[in-house]
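To keep things clear, I will list the structure first and then write my remarks on it.
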Amino acid sequence: MLATTHVILPIVVVDLIRDYFLRHKHRRLIPRKYVFFVGVGGILPDLDVALAYIFNFLSINLPDMLRHGRITHSILLPILFFTLAAGLWGGTKFSKGKSKKQHHQWFLILTLVGIGMLSHVLLDGFAGLTTPYYPISNAVAFGAQRINQQMMISIDAVILLVWLFHEEWHHNIRKFV
Ligand SMILES: [Zn+2]
């Protein structure tokens, strides 16, 4: 799966949802610059590629769970992020002032990174290259090889076009209304 797809797909989806489906008061709670964290989450699972290089460089045997597409591509990871985010959301209810603001900020970051990771796990899962149920099961994915590389490149192109159109149309319209 291409790194570009992993970054731009979730960013564009979240940005579109933010612009079209959130009410003004909710949109205010998710500043636009935070959408960046979705991209961070989108690339995070492929950290295993970097780890493999480092382990190889240091001539250390790579643990099985860190092999490409294993633990970092498990659906449990975004679930963990969402669970922590839920805890922080609870924290916003019981805190005040600065502490409430911090709780909200971290809730937002964990949720957005979690969304990016979930998107990565699902995309790679559908491409049939990873084990999304790891460590519960080593089964590959949600149906092997539903998406191939060639299709990925077209997906990137379509996403970018949709986004450009949206940017042009939505933000121009806003200047007049
Ligand atoms: Zn991946």
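Both ligands and their constituent atoms are indexed starting at 1 by order of listing. Worth knowing before you read on, the calculation uses all heavy atoms, side chains too, and leaves out hydrogens, waters and symmetry mates.
In the model, Thr72 has a side-chain atom that pairs as donor or acceptor with a side-chain atom of Asp48 under 3.5 Å.
Distance check for His120 against the Zn ion (ligand 1): an N/O/S atom falls below 2.8 Å. For His68, every N, O or S atom stays at 2.8 Å or more from the Zn ion (ligand 1). The nearest N, O or S atom of Asp48 is not closer to the Zn ion (ligand 1) than 2.8 Å.
Using a 4.0 Å cut-off between a side-chain N of Lys or Arg and a carboxylate O of Asp or Glu, Asp64 and Arg70 qualify as a salt bridge.
Within the structure, the side chain to side chain donor-acceptor pair (under 3.5 Å) test picks out the following pairs touching residues 82-95 (sequence neighbours left out): Ser95-His103.
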Show the numbers, then the answer: is there a side chain to side chain contact (heavy atoms under 4.5 Å, CB included) between Ile109 and Val40?
CA-CA 10 Å; Ile109 291 172; Val40 174; over 6 Å; no
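Angle OD2(Asp124) to the Zn ion (ligand 1) to OD1(Asp46): 170° [nearest 10 degrees].
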